[in-house]
Protein chains: 2
Amino acid sequence: MAQNNNNNNVLELNLGLGQSPRQRSPAPFLLKTYDLLEEGEAEDNTNCKIVSWNSQGTGFVVWSPAEFSQLTLPRYFKHNNFSSFIRQLNTYGFKKISSKRWEFEHEKFQRGCRHKLGEITRKKCEPSVFPAYLKSSSEENATSSTEENNHQLLMEENKNLKKERLELQMQIDECKALEMKLLACLSQFMDTHNNKVRRLC
Amino acid sequence: MAQNNNNNNVLELNLGLGQSPRQRSPAPFLLKTYDLLEEGEAEDNTNCKIVSWNSQGTGFVVWSPAEFSQLTLPRYFKHNNFSSFIRQLNTYGFKKISSKRWEFEHEKFQRGCRHKLGEITRKKCEPSVFPAYLKSSSEENATSSTEENNHQLLMEENKNLKKERLELQMQIDECKALEMKLLACLSQFMDTHNNKVRRLC
DNA sequence: GGGAATATTCCC
DNA sequence: GGGAATATTCCC
């Protein structure tokens, strides 16, 4: 798995396909959290850090949640609640990797890789296109499910389905474009390779 | 407690929504906006108000949006943007009732009626409440001749959309698989190529 | 004005 | 941790 990733990275560099994993502008939350770590790093770190990258730079540690909440958070966010910060981490797929301290990791959130933040996406709730209120109480629906209600609900579901279709189609377009680039690259590479071998023989 | 909830639901269903004012705890936004007006009223200076109830107490006026944004808003909310405040007013159904000044009204938001704030709801309906368009359609029971036909068409479209979605998803899976193969092929080819060149040299 | 994305809060 | 309501932002 790790090997796969490595290969991909090498190829991406060679191909100039840096944007292949959907690069969007990173969420404000991710930028702020990254910057907050860089700033912490730059500080005259004597012996009592509040928050910092872990030793490998593959994640970060909140050493002092209390100070972090009171001093750090309000300088970057509109609150000073540690739990709200954690909630956001979970939303973006970070994992708590230690039971003994507040250490978090995300594959795409690493020291020196601010440019990868755009690849991190919010966790989405289930792609169900069915309106939420239908899932709630079946009793109410039973007593009031008239033809008109069904009609409206159907229309809403259809609208959602169409939106979803558009998104899927865009995903396919992206895939196809990447495919073309890969094929072009492969054929160019074969040419180069053949020429080289010919020259050497 | 559970019994109370049940009763409320039954009553709402029987009476048709909107008849019996259901008292919930008011949204924080409403309480803060109300309190901010009361506080403004209590303040000493009478000649240069920032914000206040209108003369009848049926609404309120932001006399100085700039000062309001910079001084008042951050004391009650997590921002100092006038437009965010307006966005909230709209969300809760307030109406701008003057083109010449920032004056807003809401039927249930009146001076001396802090207890009525619980009757104000956000425009977006909650799961337990039926959407606005369903309420209106039950009152206007005039059209249902062509509805049936329409309904069938909608169901058909819905079925087709779901089928299409499945197909698109399969296409995406195929694309992804091909992508992996191409990448694997490319990387293997690079290895082979390098070995060949090395041998030949 | 309002739809929709993101942020913050609340609650299980 | 995460679902869901509310708040804030961004954009049309």
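Sequence lines set the chain letters: A, B, ... in the order given, protein chains first and strands last, and positions in each chain run from 1. As a basis for the values below, the full set of heavy atoms in this structure was taken, side chains included, without hydrogen atoms, waters or symmetry mates.
- Judged as a side-chain hydrogen bond (donor to acceptor under 3.5 Å, both in side chains), and not counting sequence neighbours, W102(B) has no contacts.
- Atom CG in L117(A) sits about 16 Å away from atom C1' in dT6(C), given to the nearest Å.
- Phosphate proximity of dA7(C) to Y92(A): present, with a side-chain N or O under 4.0 Å from OP1 or OP2.
- With sequence neighbours excluded, no residue satisfies salt bridge (Lys or Arg N to Asp or Glu O under 4.0 Å) with R87(A).
- For F85(B) and F29(B), the ring centers are positioned less than 6.0 Å apart.
- When the C1' atom of dG2(C) is taken as reference, atom CZ of F94(B) falls 17 Å away, rounded to whole Å.
- Annotation: salt bridge (Lys or Arg N to Asp or Glu O under 4.0 Å) contacts of R122(A) (sequence neighbours excluded): none.
- The side-chain hydrogen bond (donor to acceptor under 3.5 Å, both in side chains) test applied to T58(B) returns N54(B), E105(B), not counting sequence neighbours.
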Notebook entry, point to check: For DNA chain C, what dot-bracket results from Watson-Crick or G-U pairs at under 3.5 Å, with [ ] for crossers and | for inter-strand partners?
Noted result: ||||||||||||
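- Across the protein-nucleic acid pair, F82(A) atom CZ and dG1(D) atom P stand 11 Å apart, rounded to whole Å.
- Remark: D35(A) engages R114(A) in a salt bridge (Lys or Arg N to Asp or Glu O under 4.0 Å) (not counting sequence neighbours).
- By the side chain to side chain contact (heavy atoms under 4.5 Å, CB included) test, L71(B) is found to be paired with I50(B), E67(B), residues two or more places apart in sequence or in another chain being considered.
- The separation between I97(B) atom CD1 and dG1(C) atom C1' is 17 Å, rounded to whole Å.
- Every residue meeting the side-chain hydrogen bond (donor to acceptor under 3.5 Å, both in side chains) condition with S52(B), not counting sequence neighbours, appears here in chain and number order: W63(B).
- If you measure from atom NZ of K123(A) to atom P of dA7(C), you get 15 Å, rounded to the nearest angstrom.
- Rounding to whole angstrom units, NZ of residue K95(B) and P of dG1(C) are separated by 7 Å.
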Which atoms of nucleotides 8-12 of chain C (N or O only) lie under 3.5 Å from a protein N or O atom, and what are those distances?
residue, atom, partner, partner atom, Å
dT8(C), OP1, K78(A), N, 2.8
dT9(C), OP1, N81(A), ND2, 3.0
dT9(C), OP1, K78(B), NZ, 2.9
dT9(C), OP2, N81(A), ND2, 2.4
dT9(C), OP2, S84(A), OG, 2.6

